[in-house]
Participant: 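There's a structure below that I have some questions on.
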2 protein chains.
Amino acid sequence: MTAASLRARLRAELTDEIKATARRHLATDGANLSLRAVARDLGMASSAVYRYFASRDELLTALIIDAYDALGSAAEAGAGEGTYEERWLGVCHAVRDWALANPYEWALIYGSPVPGYRAPGDTVGPAIRAVLALGRIVRDAADAGRVDVGEPIPGRLGEELAGVAERAAPGAPPQLVARSMAGWIHLNGAVSAELFGQLDNTIGERREFFEFQMRGALSWIGFR
Amino acid sequence: MTAASLRARLRAELTDEIKATARRHLATDGANLSLRAVARDLGMASSAVYRYFASRDELLTALIIDAYDALGSAAEAGAGEGTYEERWLGVCHAVRDWALANPYEWALIYGSPVPGYRAPGDTVGPAIRAVLALGRIVRDAADAGRVDVGEPIPGRLGEELAGVAERAAPGAPPQLVARSMAGWIHLNGAVSAELFGQLDNTIGERREFFEFQMRGALSWIGFR
DNA sequence: CCATATCGAGAGCACTGCTCTTGACACTCG
DNA sequence: CGAGTGTCAAGAGCAGTGCTCTCGATATGG
């Protein structure tokens, strides 16, 4: 395989270089980065880039998948040790820290969807890693009896949540799945609000305010 | 004034027509709509549009301000009558309903910021109307003793929040300001999650799930 | 009525994503 | 070791973009 890989290795390396350069351009041009500019930075013709990515959308998709994966890894690593509360806050801060370190990639995956862009199925796997990392902690805490399970959710939403629980965390109470998802959504909103400038001229103590919110989610979910 | 307004009226009308057409293009092209395409739809030369908006950014800014204003009006109208809980949920649903009816304008104001685009100061006034509508309800409820004020927030965040309270709602306890803001951020995240497709293939009962979350925020804030 | 300000249209510049063709290189098989 | 094959980079070219400038036409105000 090493024989065939001389060409393959060059291809893989150049693919990575293109992605890295594109990631850099993300900072200045956002989702409408210029493929030609990326090629120019690499000293190659724009048409040559099309040997590696069939379109600009495909390049963006690659960046999106990488971003989801990196965020998922960061979130999972943030779970760490300690009490369930500490693990929860650990994941929250890990997500926020990653977003602060990679704001343009965060915007790419959680900002407004590019019209006409259809996310391929490859993205959903990496996309749910972060929320699953959160859910696992709630589930573990619930198994240990450290979470007030609370009232079941009635109606069709309740049934639907039971289905979600079945697929994502068999045996977990649907209402805890719902509250975990709500926690993730709040986390997501808090990070986006901070990154997208909604806290400018209002809140300077970003980290403290974020933790205040995540502790609130924690208590509402029912940790005790 | 009617004398001078023949030209002025035409100008105002055409300005509105350009914005309306641009709003329509928002649906297909998002923030990178084509000024030329807008002009084409209006049967005028692209250069003529520049008599009305100095740049594409300026056109987008006009759309952004209009969107903030429309959302603010919808939120304020949603406060309506009833108990404090009902008013809170009324605003939440009003915001969500507006976003569902105007998804591309929501994406414009709460999606990823366009790199290189600097929001002019004119946007902050309309931008805060919605969150103020929420905050007013919490404040009213607190004045009526229907909210558990809870523990004060210590440290620099607490001091900062006291300043925010001073400016936005004099006399209101800083911790309630913080929880109101957190509620708005959660609301914002919930709407964005729904609109940006993060609930696809997971939650179908969108309205119920949204209300579940907003009731959660309600109880965490301390309504009783 | 006439000077002035405003406006629309068109040409043009530099840029974009993307396609197609051409020629060079590396690899594989006989 | 040499011929054939697949892969690659480069360049030209097309249609589209934001934006500027110039040039006539039209309405406004003194």
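Both backbone and side-chain heavy atoms feed into the values below; hydrogens, waters and symmetry mates do not. Chain identifiers are assigned alphabetically (A, B, ...) following the order of the sequence lines, protein sequences preceding nucleic acid strands; residue numbering begins at 1 within each chain.
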Participant: Which whole-number value in Å describes the distance from B/Asp41 CG to D/dG16 P?
Facilitator: 14 Å

Participant: So what does B/Leu33 hit on the nucleic acid, given a heavy-atom distance under 4.0 Å: a base, only sugar-phosphate, or nothing?
Facilitator: sugar-phosphate

Participant: Taking the nucleotide of DNA chain C with the closest heavy atom to each, which residue, B/Arg36 or B/Arg51, is nearer the 5' end?
Facilitator: B/Arg51

Participant: Tell me the interatomic distance from A/Asp29, atom CG, to C/dC15, atom P, rounded to whole angstroms.
Facilitator: 13 Å

Participant: Under 3.5 Å, is there a donor-acceptor pair between the B/Ser46 and B/Arg40 side chains?
Facilitator: no

Participant: Among C/dG8, D/dA10, D/dC19, which nucleotide sits nearest the side chain of B/Leu14?
Facilitator: C/dG8

Participant: Could you tell me how far apart A/Met44 (CE) and D/dG11 (P) are, to the nearest whole angstrom?
Facilitator: 12 Å

Participant: Closest heavy-atom contact between B/Ala39 and B/Val49?
Facilitator: CB-CG2, 3.6 Å

Participant: I need the CG-P distance between A/Asn32 and C/dC18, as an integer number of Å.
Facilitator: 12 Å

Participant: Does B/Tyr52 place a side-chain N or O at less than 4.0 Å from the phosphate oxygens OP1/OP2 of C/dC7?
Facilitator: no

Participant: Base, sugar-phosphate or nothing for B/Phe53? Non-hydrogen atoms, less than 4.0 Å.
Facilitator: nothing

Participant: On DNA chain D, check which nucleotide each of B/Asp57 and A/Ala48 is closest to and give me the residue with the more 5' one.
Facilitator: A/Ala48

Participant: Pick base, sugar-phosphate or nothing for B/Ser47, based on heavy-atom distances below 4.0 Å to the nucleic acid.
Facilitator: base

Participant: Within a reach of under 6.0 Å around CZ of A/Phe53, are more than 12 heavy atoms found that belong to other residues, nucleotides or ligands?
Facilitator: yes

Participant: Take the protein atom CG of A/Leu35 and the nucleotide atom P of C/dT19, then report the distance between them rounded to whole Å.
Facilitator: 11 Å

Participant: Give a yes/no on whether any side-chain N or O of B/Tyr50 is located under 4.0 angstrom from OP1 or OP2 of C/dG8.
Facilitator: no

Participant: Against the six-membered ring of B/Tyr52, is B/Arg11 placed for a cation-pi contact (under 6.0 Å from the centre, within 45° of the normal)?
Facilitator: yes

Participant: Which nucleotide in the set D/dT17, D/dC19, C/dG17 lies at the smallest distance from any side-chain heavy atom of B/Arg40?
Facilitator: D/dT17

Participant: Distance check needed: C/dA9 P versus B/Leu42 CG, whole Å only.
Facilitator: 11 Å

Participant: Please confirm whether the shortest side-chain N or O distance from A/Arg11 to OP1 or OP2 of D/dT7 is below 4.0 Å.
Facilitator: no

Participant: Grab the CG-P distance between B/Leu10 and C/dC7 for me, whole Å please.
Facilitator: 10 Å

Participant: Assess whether a salt bridge exists between B/Arg215 and B/Glu211, defined as any Lys/Arg side-chain N lying under 4.0 Å from an Asp/Glu carboxylate O.
Facilitator: yes

Participant: Output yes when at least one side-chain N/O atom of A/Ser55 is less than 4.0 Å from OP1 or OP2 of C/dG17, else no.
Facilitator: no

